[in-house]
Amino acid sequence: MRIPGNFPMRHSKGCQGLIAGVALLAVSPSAHAAEEAVLDSGDTAWMLMSCALVLLMTLPGLALFYGGLVRSKNVLSLLMQCLTSAAVMGLIWVLVGYSIAFGADQHGLWGWDSAKVGLRGVAPEALHGTIPELLFAMFQGMFLIITPALMIGAFAERMRFGPYIVFSSLWAILVYLPLAHMVWGGGWIGEDGALDFAGGLVVHMSSGYSALAAALFLGPRKDYGKVPLPPHNMPLVVIGTALLWVGWFGFNAGSELAADATAALALVTTTTAASAATLSWILIEWIHHGRPTVLGAATGAVAGLVAITPGCAFVTPLSAIAIGFLCAPICYFFVALVKIKMGYDDSLDVFGVHGIGGTWGALATAIFAAPFALDGVTKGEQLWIQLKGVGFTALYAPVATLLILVLMRTLMGNLRVSDEGEHVGLDQSEHSENAYVL
Amino acid sequence: MRIPGNFPMRHSKGCQGLIAGVALLAVSPSAHAAEEAVLDSGDTAWMLMSCALVLLMTLPGLALFYGGLVRSKNVLSLLMQCLTSAAVMGLIWVLVGYSIAFGADQHGLWGWDSAKVGLRGVAPEALHGTIPELLFAMFQGMFLIITPALMIGAFAERMRFGPYIVFSSLWAILVYLPLAHMVWGGGWIGEDGALDFAGGLVVHMSSGYSALAAALFLGPRKDYGKVPLPPHNMPLVVIGTALLWVGWFGFNAGSELAADATAALALVTTTTAASAATLSWILIEWIHHGRPTVLGAATGAVAGLVAITPGCAFVTPLSAIAIGFLCAPICYFFVALVKIKMGYDDSLDVFGVHGIGGTWGALATAIFAAPFALDGVTKGEQLWIQLKGVGFTALYAPVATLLILVLMRTLMGNLRVSDEGEHVGLDQSEHSENAYVL
Amino acid sequence: MRIPGNFPMRHSKGCQGLIAGVALLAVSPSAHAAEEAVLDSGDTAWMLMSCALVLLMTLPGLALFYGGLVRSKNVLSLLMQCLTSAAVMGLIWVLVGYSIAFGADQHGLWGWDSAKVGLRGVAPEALHGTIPELLFAMFQGMFLIITPALMIGAFAERMRFGPYIVFSSLWAILVYLPLAHMVWGGGWIGEDGALDFAGGLVVHMSSGYSALAAALFLGPRKDYGKVPLPPHNMPLVVIGTALLWVGWFGFNAGSELAADATAALALVTTTTAASAATLSWILIEWIHHGRPTVLGAATGAVAGLVAITPGCAFVTPLSAIAIGFLCAPICYFFVALVKIKMGYDDSLDVFGVHGIGGTWGALATAIFAAPFALDGVTKGEQLWIQLKGVGFTALYAPVATLLILVLMRTLMGNLRVSDEGEHVGLDQSEHSENAYVL
Amino acid sequence: MRKIECIIKPFKLDEVKAALSGLGLQGMTVTEVKGFGRQKGHTELYRGAEYVVDFLPKVKIDLVVDDDRVDQVVETVVQAAQTGRIGDGKIFVSALEDVIRIRTGEQGSDAV
Amino acid sequence: MRKIECIIKPFKLDEVKAALSGLGLQGMTVTEVKGFGRQKGHTELYRGAEYVVDFLPKVKIDLVVDDDRVDQVVETVVQAAQTGRIGDGKIFVSALEDVIRIRTGEQGSDAV
Amino acid sequence: MRKIECIIKPFKLDEVKAALSGLGLQGMTVTEVKGFGRQKGHTELYRGAEYVVDFLPKVKIDLVVDDDRVDQVVETVVQAAQTGRIGDGKIFVSALEDVIRIRTGEQGSDAV
Ligand SMILES: Nc1ncnc2c1ncn2[C@@H]1O[C@H](COP(=O)(O)OP(=O)(O)O)[C@@H](O)[C@H]1O
Ligand SMILES: Nc1ncnc2c1ncn2[C@@H]1O[C@H](COP(=O)(O)OP(=O)(O)O)[C@@H](O)[C@H]1O
Ligand SMILES: Nc1ncnc2c1ncn2[C@@H]1O[C@H](COP(=O)(O)OP(=O)(O)O)[C@@H](O)[C@H]1O
C-alpha cells in the first residue's frame, strides 16, 4: 500500500491486492478524498485502542506470564523489568526512537529526522495515512516497549537491575530501532520486498535470538539442572497468556493502521492460529508424556501468536490453522529437546518460542501467502526474500547483543547478582521487597 | 433491522424503530450509500474491539472467576478448560461452526453453506452490513468460545479432561450451533419474533440448563455437603468478575454490530443492570445473614449481566435497573435455597446464575420492552413469543446434554476422575502440575 | 471547543486552536455537516471503548492496586468497596448524578434537569456532539464510579462497610457532582476558563484532599507506626498499576469525546508522562535508599498519570516528560517525608499521590500549556485561573468531607470497626470471608 | 502429660478431628508440613521435562493429653487416619514436663 | 536445656518477641499453625450458606533455653500474650537432650 | 528413639536431604518456619520508609531415628547444612517414648 505522499508507510507490501479488491466493493468514505489526506475517525478509534491493547501485552500481560513462571523470590524482579521497560523504552522512543526507526532513510540501515526527535516537529494535526501521525508514532512506540521486555525471560533470576536497564537501552538503540527501520521504515529489508506485517523479524526473531545470546553469555542459574524450578504461580501465567492473546489483536490487526478488511483478516488469522497452536501443543504433550499441561497450553498459545505475526494479513484462516498447528511441534522440539541437549539456560524459553516461532512464521508467510499478498513475485521468490531477512536478523541481533554485553562487562563488571543474591532472590537483593505476605 | 441484501442479519428484530428514529436526527455517513453496502470504519473499529472484549470474558475473565472459586488443588483444571475452549471452540467455529449457525437455513433448525466451511468462501472484502463478514464471523465465534466454558462450573473438581473436550465439542455442534441458528441465523425462534439481543437463550439458558443436567448426571463431589468448600482465592474471583463486566460491553453492545445509538443504549443498560443486581444481592445477604459478602457482590454482578443480555437494546436504563434489581432475589433463591433443598452439586452455580438469570432476562425483555422494540406486537404477545423460545431452550439443551453424556459414558467409560484423583486434585491427577509454589 | 448547539460541552476550552488547525488539513467527514449534528461511528466506537477502559481502571485496576497493598486479612474489604462503588455510584449517576453534573446550571454551582433524572428524557437517538448522549452520560458516569473509590485508600483497614457506603454516597452528591458541574457542566470554574481536560481538580484533587480529611478524622490504624505494614501481594499491585495505565488512555483520550487529533495527543502525553514519572520515582529511590522498588515504580506511574490528567490535551510530548518527571519528587516528598513527619495515616497515600499529583498537574497545565491551549490569555493569567480552581477544590472538598463525617458520626455512631474487628481483619469482621485458602 | 504428634494425610484431617472430638478432646494444634518417606512422590511436568516431587503434603496434629489417655488417643487416630496405603503417616509420643494455659496461668492437667 | 513451645494469638507475636528480647533471649523459631480448642471458630458465608471455620490461626513459638530460665520465660510469655479471653493459647515445656549450633558445631548451652 | 529437629537455611534443604538419604534414612518431615536469632534480618523498603524484617525464612526438618544413629545423623546434617555464616541454624535432640506407623499399627523401631 503506497499511499500518495512522502512519508514512508509501515507495511510497504502485501495489502495492495487486498485493498484494491476491497475498494471495488466497499468504498469507504475516506477514499473519496484520496488526493487530500483526511483523518478517519474509525481508523483513529481503532488505533487508539490498539495502543492500549499492545501496552496491555507488556503491562500486565508479559509481566505476569514471566512473573508467574519464576520462583516466588524473583517474581518482583520480572515485574520490575517489564514496568521499567514501559518507562525507559517509552522515553527513548519519544526522544530518539521514532526518528531512528521512521526518520529519513540513511543507507537503508537506519533513519533520522531531527523534527521527529522528541516528537517536536510532529504537529497534532499531522496525519499518517488516515490517522494522526502522533498516534502512529505511539503505536509503534508500544512495540519498542514490549520487544526488549520479551528478552528478560532468557536471563531471568540472575541479571542485576542496573545492567538490565543499560543493556535494554543499548539494545533498543543498536538492534531494535535499526531493524524496525530496515523492515518498516524504508530500509533495505522492506524495500527488498520482505513481508513482515506485525513483527516476526523485528519483534520476535530479534528478541529471541538476542535472548539466546544473552543466556549463553550470562551462564545458567546456579540451581539450573540441579533442582526442579517449577513456576511459582500458574494462575498468573494464565492471566498473562490471556492478556497476550487479547492484546495481540491490537498488535496484529492494529498493524494495518486502519479499521478495514485487512485488519479484520489479521484478527481472524491471529486468534485462529493461536487456537490451533494451543491444541497442537497439548496434543504433543499428551502423546509425549501422557498428560496435557496448562503451561503447555499457554506456551502453545503464545507460540501460535508469534508464528502468525509476520503473515497475519497475508494468509487465509485455513492457512492460519496450518501455521499454528505446525508451529507447536517446531517450538516444542527446541524447548523440550534442543535446550536440554545443548544445556543453555534460556530460563523462560524466549529463544524456543519467540526466536524459533518467529523464524517459522516468517518463512510460513511466504509458504502460505495468499495470491493477493504476493506483489508480482512467485512464492519461491518470496521465500528467498524472506530467507534473506530471516538470515540477517538471526545473525545481526545476537552478534550485536554479544558486543553490547562484552562492552558492558568491561565497563560495569559482573552483570549477574552475587551468589548470595541469587540464593535469597532478586526481589530482596535488588529491590528490598517481598512479593507475598500471605 | 433488515438491511437490503441477502445475508441473514443477526438481530432480525427490534432495532427497526430505534434506527428509524435515529436516522431522522443523525444520518451517519454510511447511510448515504444505503443501496450499496460500504464498510464503515467506525463500526469496524468497534467490532474489532468487541472481539477482544468477548475473548477477554473467557480469557482470563471466566477462567479466573471459576478458578478462584474452587480449591487450590483444582484451579489449574478450570483454567485449562477455559484455555482449551478458546482453542477447540475456536477451531470448530472456523471449520464448521459458522456454516451451521449462519449458513442457509435448513428446516428452521440449523444452517449449512459449504462456502462458509473453513471460511473458505468468505473473501476479506465481503461485508456483513457495514463490517467485514470475516469480522462478523469471528465476533460470533467468540460466543462459541465462552458458552461451553460457562458450563464447566457445574462439573468442576471432578470431570476428566479428555471427556470434557469431547463433551464440549459435541455439545457445541449439537446444542449451541443449532440454537444460535434458530435464534440468530434465520431459524424458527428468531423468525417467530423472539427478542434475544445478545444471547439470553443462546448463551445463558443453553449453558445453564445443560449445566444442571451435567451436574445431575455426574453426581456431586465426594466432599460436597461434608466439609465446607470455600473459594481458594477470592481476589482471582474479583478480577474475573471485573473482566466479565468490562468484556460484557463488547458482548452486549457489540451485538449491535455497529457503533451507533443502539450500541450505546445496550452499553448503558448493561452496566446499569449490573450495578443494580450487585447492590440488590448484597442487600439480600445483609438481610438474610447480616453480612454482605464479596462473593455475593460478584455473583450479583454476573447475574445482572446475564439478566440484561437478551433485552439490553430493547429497554430503558430505568427498566434495566428493575431487571437487575429483581434478578438478584430470583437467582439467590435458586443458589442459596433450591440447590441446597434439592441436593444437586452445581458446583459454581451455573444453573442458578446463568440458567435462571437467562430465563428471567428473556421474560423481562418482553415485560420491560420499550415501544420501539416491539415490532407490531403487544407486550403480551411478545411475552408469549419469548415463552416459546424459553420453553424450547429449557427442554432441548438439557435433554441433548444428557443424551451426549449417556453416549459418552457408554463409549468412554467413567467421565469422572478416580476418587484418588479427586482427593489429590485434578491439577495433579489430570495435568501433573501444581498451581502455587509460594 | 464550542460546538454550535445548546448543550454544554465538557471541555469548554483549549481545543479550539488545535481543532482549527486540524480542520485545515484534515476535514473529517462529520465536519461537512457541522450545522446538523450527526452521529460519527468512529467517535462512537472510541467512546464505547473508553467507557470500558475507565471501568477497567476501577474494576479490577484500582481494586487490585489497593487490595494488594493492604494486609491479607483486609484485601477483600478493599475489593468490596471498589465493587460496590461500581454498583452504588453507577445507580446514583443514572438516577440523579447526570442531572446534577450536566443539567441546566444553577448559580454556577450545580445543575438540574428533570429530564436527565433516571436518564428518562435522554432518547437513544439524542446526540452530544457526534456521539449518542446516552454514551456521553455513561462515560461521565464511569468517572463517578472511580472517584470515591480512590478515597478508600486513605481509610483502608479500619472503616466499617455500612458507613463507607453512606459516606461515599453523600460525598458523591455533595462534593463530586457539584465539582463536576462547576468545572465541566457549565459552572463557574469552567466558565472562568480553568483547564481541566480529564479531571485534575474534579477527580484527583477532590478525592485526594477529601481522603486526607477522612484519614485525619478516622485516626490511624492501631498498628500504624508500631509494626511494618508491608503489602501482602505485590503482583496484585502491579496488575492494578498496569490496568490503571492502560485504562487511563480511555480516561484521558476519551475525555475528548471523539477519535481525533486531540485524543491522539492526549494518549501520547498520558503514556509519556507515566513513563517519565516511573523512571523519576525509581531514580529518587535509588539515590535516597540505594534501591529502586517495584512499589516505587508503580507509585511513580500512577503519580505521573494523575499529573498529566488535567493538561493531557494542552501540552506537547516533551512537556509531558517534564510534568511527569517533576511530579515524582513532589509526590515522593509528601509520601515519604511529610506524611511521616505529620503522623497522619493516609494508609495508601491517596493524598500524597492524587491530591498532590493533581495539584501539581493543574498548575503545570498552565505552566506548560502549548499556544493552542491558551484561549486568548497569557500563561500567567491562565496560572491565576488555575490557582483559583485549585484553591477552591483544596478547600471545598475536605471541608465538605469533614462535615459529612461529623454528621455521620452523630447519627451512626463509630465509623470504625471495633479493635477486635481490626485485629482479625475486615474481611472476616465485615464480610465473613477469607481471601485465601491456599 | 504427653505430647502426641500425628503426621497424617491432609484429606484425613476432618475425620481425625471428628474422631478426637468424639473422645472429648478439647484441643489440638495443626501444622501443614511436607513429608518424605517410603511413599513415592508424584511426577510433575514442565515444558516437556518430567521431574519428581519428593515432598508430599502432610498435616501434623499436636495433641497434649493426660498420660492415661495416650493409648486411647493413639488408637483413635490410627483408626481414623488409616487408608492402608503407603504414606498414611506416623505418630510420635513424647513426655511433657509442664503445660500452662496463657489465659489463666493454670498449670498441668488443668491447663489442657 | 528445655524446649518451650508457646501457642499464641498471631497479633501478639510482636509483643511477645519484644518481651523475650527484653529478657536477653537470643533466638526463637516461629511457625504458623491452626488451633482448635475451647475458643469458638468464626462463621463464614458462601453464597447464602453459613459454615463454621473451626480452626483458628495461631502462632507457635519454639524457644530453647537453659533450665534455669524456664520459669522466667514462661512468666514473660504469659504476661505478654495474655488478653484474658478464650483462645489465648498454651505453653508446653519439655526436656531437651542436646542442642547443636550448625555453624560451629558447638553443643549444649553454648549452642543456644 | 530420638527426635532430631534441625533448623536450617531453606536453600540447604536439598543438600541435607541428599546427605540423609545417603545414610539410608527413610523419612523426614519438613516445616517452613521463621527464625529469629543472631543473624540480622534484612531491610525492606516501603514508599520511602525502611524497616527491618527480623524473621528470616528457615526450614525445620524433623527426623525420628533409632538412638544409635543420632550422632551420625547430627554430624551429617551439620556438614550438609553448614555455610559457616551466621544463621546456619540449630539442631535439637530429644527423647521419644513411642512411634507408631498409622498404616500398619507397628510400634517402636519398626515403625520408623
Ligand atoms: N523417620 C522419620 N522421621 C520423621 N518423619 C517421618 C519419618 N518417617 C516418615 N515420616 C513421616 O511420615 C510420613 C509417611 O511415611 P512413609 O514412609 O511415606 O509411609 P508410612 O507412613 O506408610 O510408613 C512421611 O511423609 C513423613 O512425613
Ligand atoms: N490439648 C491440646 N493439645 C494441643 N494444642 C492445644 C490443646 N488445647 C488447646 N491447644 C491449642 O491452644 C489453643 C487455645 O486453646 P483454647 O482451648 O481455644 O483456649 P485457651 O487457650 O483459652 O484454653 C488452641 O487453638 C490450640 O492451638
Ligand atoms: N533459643 C532458640 N530457640 C529456638 N530457636 C532458636 C534459638 N536460637 C536460634 N534459633 C533458631 O536458629 C536460627 C539460627 O540462629 P542464629 O542465632 O541466627 O544463628 P546461628 O545458627 O549461627 O547461631 C534462628 O533463625 C532460629 O530459627
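The chains referred to below are lettered A, B, ... by the order of the sequence lines, with proteins before strands, and numbering in each begins at 1.
Of all the listed residues (A/Leu229, A/Asp349, A/Ile340, A/Val335), the one sharing the greatest number of non-hydrogen pairs under 4.5 Å with chain D is A/Asp349.
Between D/Tyr51 and A/Pro230, the closest heavy-atom pair is OH-CB, 3.0 Å. Summarising the geometry of D/Gly48 relative to A/Ala336, their closest heavy-atom pair is CA-CB, 3.9 Å, with the distance given to 0.1 Å.
Other residues, nucleotides and ligands place no more than 12 heavy atoms under 6.0 Å from the NZ atom of D/Lys34. Atom CG of D/Asp66 has more than 12 neighbouring heavy atoms from other residues, nucleotides or ligands inside a 6.0 Å radius. More than 12 heavy-atom neighbours from other residues, nucleotides or ligands sit within 6.0 angstrom of CD on D/Gln39. Within 6.0 Å of atom CZ in D/Arg85, 12 or fewer heavy atoms from other residues, nucleotides or ligands are found, so the atom counts as exposed in its surroundings.
A distance of 11.5 Å separates CD in D/Glu44 from CZ in A/Arg291, rounded to the nearest 0.5 Å. Note that the OG1 atom of A/Thr293 and the OH atom of D/Tyr46 stand 10.5 Å from one another [nearest 0.5 Å].
Using a 4.5 Å heavy-atom threshold, the side chains of D/Arg47 and A/Leu69 count as touching.
Listed for the A/His289 side chain is no donor-acceptor partner under 3.5 Å among the backbone atoms of D/Leu45.
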